[in-house]
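To keep things clear, I will list the structure first and then write my remarks on it.
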Amino acid sequence: MLKQVLIGALCGSVVLTIGILIGHFGITKSGNSAPSWVKDVVKDVDEDLIQQFLSEVDNVKIQENLRELTKVPHMATTAGDEHTVQLMLKRWQDPDSGLDQAWREEYMVYLSFPDPNKPNKVSVVNPSGSVLHTAREKEKPYTSDQEDPEVVQPYAAYSPAGEPKGKLVYANQGKPSDYHHLNQTMDLRGTIAITRYGGAGRGAKAINAAPYGIIGVLVYTDPLDINDGLMSDVNETYPHSWYLPPSGVERGSFGSQFGDKLTPYLAAKGDTYRIPEESIPGLPPIPIQPIGFKDAYTLICELGGDAAPQDWQGGFNCTYNFGAPGFKPTSLDIFNHGKIVNSSNVMGVIRGSVEPDRYVIYGNHRDSWVHGAIDPSSGTSVMLEITRVLGGMVKRGKWRPRRSIIFGSWGAEEFGLIGSTEYAEVIINIPFPFAANATLRASGMPSVQNVIFKASKQVSAPGLDSTSVYENWIRYFNRTSPTHGLIPSVGYLTGAGSDYAAFVHYLGIASMDISYTYDRMFLQSKTNARIYPAYHTAYDTFHYASKFIDPGFVGHQAVARTAGNVLIRLADSLVLPLNCSDYAESLEEYLNTAVSLYQEQLQAKNISMEPLKRAVSSFGKAAEHLDQVHSYVRKINDQLMLVDRAFLNPLAFPDKYGYRHVIWAASSAGKPTFPGLADAFAKAESSGLSGDWDKVHYHLSVLSQAIDAAATAGELPA
C-alpha cells in the first residue's frame with residue numbers, strides 16, 4: 001500500500017502529497033542498469049544534490065509553464081483538458097529532461113454539465129409573468145480570456161434540473177442553524193433561499209434547505225467575505241486589483257462525497273458496476289445556482305420583512321432582511337444534466353535504484369473550471385519544473401533516487417476529487433501553490449512535520465534573501481511544543497478539501513498540505529478574504545496570477561524548491577524522515593482536550609476514559625523507542641509508513657462516505673479532539689438518549705484499541 005505526504009494550498013499555494021507504496025503497483029523493474037554509485041544501499045540523502053536541485057529551479061520556466069497551461073479553458077474532459085494531457089505527456093516523455101516512463105490512465109466518470117443550448121437562468125417576475133430582472137448568464141469580460149467561447153457558464157455541478165418559482169428569503173450561509181432560525185420567523189414552504197458562500201459546504205446549503213420545504217437555492221460571494229467590502233469595478237476590483245468584480249461567480253462541485261458518484265469504493269472503469277443515478281447519495285435534492293454579487297445586491301436589497309441578525313449582515317449598503325412577504329416571485333430555470341465521460345490521469349515515473357518497489361508519489365490535479373491559473377495550474381507549473389530538474393539529473397546520469405517516484409496529474413478533481421480517488425494510492429499534491437507573498441502554512445499528519453521544517457530552512461523566502469522560508473513561517477504561524485519549544489504551527493487534515501482526501505481518510509496514508517499564502521492575522525489591515533478572490537471564476541487567468549498574485553514568480557519558485565526538497569528527502573533518506581514522537585505529542589493534545597470537555601459527564605454515565613489514556617501513553621512510549629532505533633532500516637521504514645494504517649476502522653463512521661481514519665475524520669462538533677468521540681458526545685448531550693451515550697462509549701473503545709494497535713508490535717515495536 002502507499003504512504004502519502006501532501007503539501008497543499010490555500011489561495012495559491014502548493015500541495016505536496018508523498019506516498020511510499022509497498023509492493024509493485026504499475027511499475028516493473030527497469031532492465032537498464034543504474035549508475036554504479038547507487039549500489040551502495042547504505043547511502044543517505046545527498047545534501048550537495050539538494051543544493052544543486054535548489055539552484056536549478058527556474059522561476060522564468062515556471063512562469064512560461066503557467067502561460068502555456070492557461071491558454072484556453074480546460075474544464076475536465078473538454079478539448080482544453082485534452083490539450084493539457086498532451087502537454088504533460090510531451091514534457092514527461094522529453095528525451096533530455098523527461099521521466100523514465102509516462103502514460104495516461106483513463107476512467108469513465110459521472111460528471112454534471114449545464115446545457116449550452118439552454119443556459120440556466122435566474123429571474124424576478126411580476127404576477128403577470130413579465131421579467132423584471134434577470135441575473136447575468138456569464139461574467140463580464142475585461143480581457144479576451146473571458147470572451148473565450150469555451151468559458152463555461154457559472155453553474156452548480158450536480159444540482160438537479162428544475163424550474164422552481166417562489167418568494168425569495170435570505171438564509172445567511174445556509175447552515176442548519178440558519179434555516180432553523182429563519183423558519184421561526186416565517187413559513188418557508190415554497191420559497192427560494194439566497195445564501196452566501198461560507199459556513200456550510202456548497203451542496204449542504206441545498207441539502208439543509210430541503211427539509212423546510214424550500215424549493216430552490218441561490219448562492220453568491222458576499223463582498224464582505226472576499227473583497228474587504230469593495231464592490232466597484234471602476235477602480236476597486238479586478239482588473240484594477242485582485243478583488244472579485246461584481247459579476248464574478250464561484251463555480252464548484254455541489255456534491256458532498258469525493259470520487260466518482262456512480263462507483264463508490266470501485267475504480268470507474270468501463271465495465272465497473274454502477275449504482276443508479278437516483279441512488280447517488282449526498283447530492284443537492286433541489287435546484288441550486290451560483291450568481292455574482294451584483295445580482296445578489298439587487299435581490300437582497302429589495303427584500304422586505306424583519307431585519308436579519310447583525311451577524312447575518314454583509315457588505316451591501318442596505319439592511320439584509322429576511323424577505324418573503326410581498327417580494328415578487330423569483331424563478332430558477334436550471335437545465336443541468338449528468339453524463340458518463342472519459343477522464344484521464346497522466347502518470348510518470350522515475351525508477352528507484354535501491355528500493356524500486358517503494359514509491360514516493362507526487363501529484364496535482366490538472367482540470368480547472370475555466371483557465372484556472374492559480375487553481376490548479378500554478379501547481380502544475382511547479383510540478384513540471386520539479387520534473388524538468390529531476391528528470392534532467394536522471395538523464396545526465398547525475399542522480400537516481402533510492403526509491404521510485406511516481407508523478408500524477410489528476411483529472412476531474414473539480415467534480416469531487418475524482419482522478420486522485422480513482423487512483424487511490426498516494427500522492428504529492430499541488431492544486432494551487434501560491435496565493436500571496438507572506439508566509440508558508442502547512443497541515444498534515446504530525447509525523448511529517450519535521451521533514452517540512454528541514455526543507456523550509458534551506459529555501460529563501462520570496463523577496464527576503466536573508467530570511468529562510470522556515471524563519472518567515474515561524475514569525476507568522478507558531479506554537480509552543482512540549483518537546484521542541486517554539487516551532488511553526490502545522491495544522492491537521494481533518495476534512496476533504498483536496499486530493500489528499502482518499503489517501504488520508506480511506507487508506508490511512510500520512511499526508512501533508514503546504515501552502516504559501518498571506519497571513520490574515522498579520523495582514524488583517526490588508527485583507528479578510530477567505531481565499532484568493534478570483535477562485536473558480538473566469539478571472540483566474542495568467543494575467544491575474546502574474547500581475548496580482550506573484551509578479552516574477554519567485555513565490556512559485558520558493559514553493560517548488562521546498563516541495564522538491566521534501567520529495568528528494570522522502571525518496572533518498574536511508575531511514576524515512578517520519579517522526580512518530582510528534583504523532584504521540586498530537587495524540588496527547590487531543591486527549592487533553594477530550595478529558596477537559598467530556599470526562600466529568602462521562603464519569604456520571606459510568607463511562608471511563610482510562611483505556612484511552614493508557615493507549616495514548618503506550619503509543620508515546622513505543623514512538624519514542626522507534627525514533628531511537630537506527631538498525632533494521634527497511635523494517636523500520638515499513639513500520640513508519642504503516643502507522644496511520646492502524647488508525648483505520650471501516651465501521652467507525654457508517655454515515656460518512658470514505659472516512660475510516662479515527663484520528664483525522666471530518667467532524668461537525670468543531671472541537672480540536674478525536675472526531676468520532678466529539679460528534680458522538682455532542683449528539684448524546686443534545687438528545688440525552690441512552691443509545692447515544694452507548695455510541696460515545698463505542699467511540700472511546702474504537703479509539704483506545706486503535707491507538708493500542710499502533711503501539712504494539714504490529715506497528716511500533718516496543
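All of these numbers come straight from a predicted model, not from anything done at the bench. FYI, side chains are in, hydrogens and waters are out, and symmetry mates aren't considered; it's all heavy atoms of this structure.
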Requested in this report: Assess whether ring-ring contact (aromatic ring centres under 6.0 Å, His included) is satisfied between Trp664 and Tyr590, documenting all intermediate values.
Outcome: CA-CA 11 Å; Trp664 309 122; Tyr590 261 34; 5.6 Å; yes
Query raised in the report: Should Tyr535 and Ile374 be marked as a side chain to side chain contact (heavy atoms under 4.5 Å, CB included) after you check the CA-CA gap, both sets of side-chain angles, and the distance that decides it?
Result: CA-CA 8 Å; Tyr535 174 69; Ile374 301 302; over 6 Å; no
Query - Candidate pair Ile487 and Gln449, rule side chain to side chain contact (heavy atoms under 4.5 Å, CB included), full reasoning - result: CA-CA 10 Å; Ile487 58 173; Gln449 74 173 16; 3.9 Å; yes
Query raised in the report: Can you list the steps and then say if Gln705 with Leu612 is a side chain to side chain contact (heavy atoms under 4.5 Å, CB included)?
Result: CA-CA 8 Å; Gln705 293 179 21; Leu612 181 59; over 6 Å; no
Requested in this report: Could you check Leu700 against Met609 for side chain to side chain contact (heavy atoms under 4.5 Å, CB included), going step by step and ending with a plain yes or no?
Outcome: CA-CA 7 Å; Leu700 274 170; Met609 297 190 75; 4.3 Å; yes
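We find that Asp679 and Lys656 are joined by a salt bridge, their nearest charged nitrogen and carboxylate oxygen being less than 4.0 Å apart. Ion pairing between a basic and an acidic side chain is recognised when a charged N comes within 4.0 Å of a carboxylate O; Lys613 and Glu610 show such pairing. A salt bridge links Lys175 with Asp178: at least one charged nitrogen is closer than 4.0 Å to a carboxylate oxygen. A salt bridge is absent between Glu414 and Arg202: the closest approach of a Lys/Arg side-chain nitrogen to an acidic carboxylate oxygen does not fall below 4.0 angstrom.
For the 3.5 Å distance criterion, the side chains of His365 and Asp375 qualify, holding a donor opposite an acceptor. Between the side chains of His484 and Asp582, at least one donor N or O lies within less than 3.5 Å of an accepting N or O. If you check the side chains of Tyr212 and Thr191, you find no donor sitting under 3.5 Å from an acceptor. One side chain, Glu585 or Ser481, offers a donor N or O that lies under 3.5 Å from an acceptor on the other.
When atom types are taken as modelled, the side chain of Thr593 and the backbone of Glu589 share a donor-acceptor pair closer than 3.5 angstrom. In this structure, Asn183 contributes its side chain and Tyr179 its backbone to no donor-acceptor pair below 3.5 Å. With hydrogens and angles disregarded, a donor-acceptor distance shorter than 3.5 Å links the side chain of His536 to the backbone of Arg251. In terms of modelled atom types and a separation under 3.5 Å, the side chain of Asn649 and the main chain of Leu651 share a donor-acceptor contact. Side chain of Asn227 to backbone of Gly229: no donor-acceptor contact under 3.5 angstrom is found. A donor-acceptor pair under 3.5 Å is absent between the side-chain atoms of Tyr492 and the main chain of Pro446, judged by distance alone. Between the side chain of Ser159 and the backbone N or O of Ala156 there is no donor-acceptor pair closer than 3.5 Å. Judged by distance alone, with hydrogens and angles left aside, the side-chain atoms of Ser686 form no donor-acceptor pair with the main-chain N or O of Ala682 at under 3.5 Å. Of the possible donor and acceptor atoms, one in the side chain of Thr195 sits under 3.5 Å from a partner among the backbone N and O of Leu218. Judged by distance alone, with hydrogens and angles left aside, the side-chain atoms of Ser704 form no donor-acceptor pair with the main-chain N or O of Ser701 at under 3.5 Å.
Ring-centre distance between Tyr598 and Phe681: below the 6.0 Å cut-off. Remark: aromatic rings of Tyr320 and Tyr170 are close, center separation under 6.0 Å. Taking the six-membered ring for Trp and the full ring otherwise, the centers of Tyr220 and Phe293 sit at least 6.0 Å from each other. Between Trp369 and Phe415, a ring centre-to-centre spacing shorter than 6.0 Å is recorded.
Residues Met186 and Gly323 come closest through the heavy atom pair CE-O, 3.5 Å. Considering every non-hydrogen atom in both Asn472 and Ala461, the closest pair reads CB-CB, 4.1 Å. Thr263 and Glu422 get closest at one heavy-atom pair: OG1-OE1, 4.3 Å.
Rounded to the nearest 0.5 Å, atoms CE (Met445) and CD1 (Ile663) are 9.5 Å apart. Atoms CD1 and OG, on Ile707 and Ser617 in that order, are 11.0 Å from each other to the nearest 0.5 Å. Of the inter-residue distances, the one linking Leu591 atom CG with Thr673 atom OG1 reads 7.5 Å to the nearest 0.5 angstrom. Taking CD1 of Ile531 as the reference point, atom CD1 of Ile226 lies at 7.0 Å (rounded to 0.5 Å). Atom CD of residue Gln313 and atom CG of residue Asp311 lie 9.0 Å apart, to the nearest 0.5 angstrom. One distance of note links CH2 of Trp693 with CG of Leu602; it measures 6.0 Å at 0.5 Å rounding.
Counting heavy atoms from C-beta on, the side chains of Lys683 and Lys695 never come closer than 4.5 Å. Side-chain contact between Phe316 and Pro223 is present, with heavy atoms from C-beta onward closer than 4.5 Å. Counting heavy atoms from C-beta outward, Pro309 and Phe322 have side chains that approach closer than 4.5 Å. When side chains are defined from C-beta on, Glu250 does not count as touching Pro290, because their heavy atoms never get closer than 4.5 Å.
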Please tabulate, for the side chains in residues 450-457, all donor-acceptor contacts under 3.5 angstrom to protein atoms that are two or more places apart in sequence or on a different chain.
residue : atom : partner : partner atom : Å
Ser456  : OG   : Ile452  : O            : 3.0
Ser456  : OG   : Phe453  : O            : 2.9

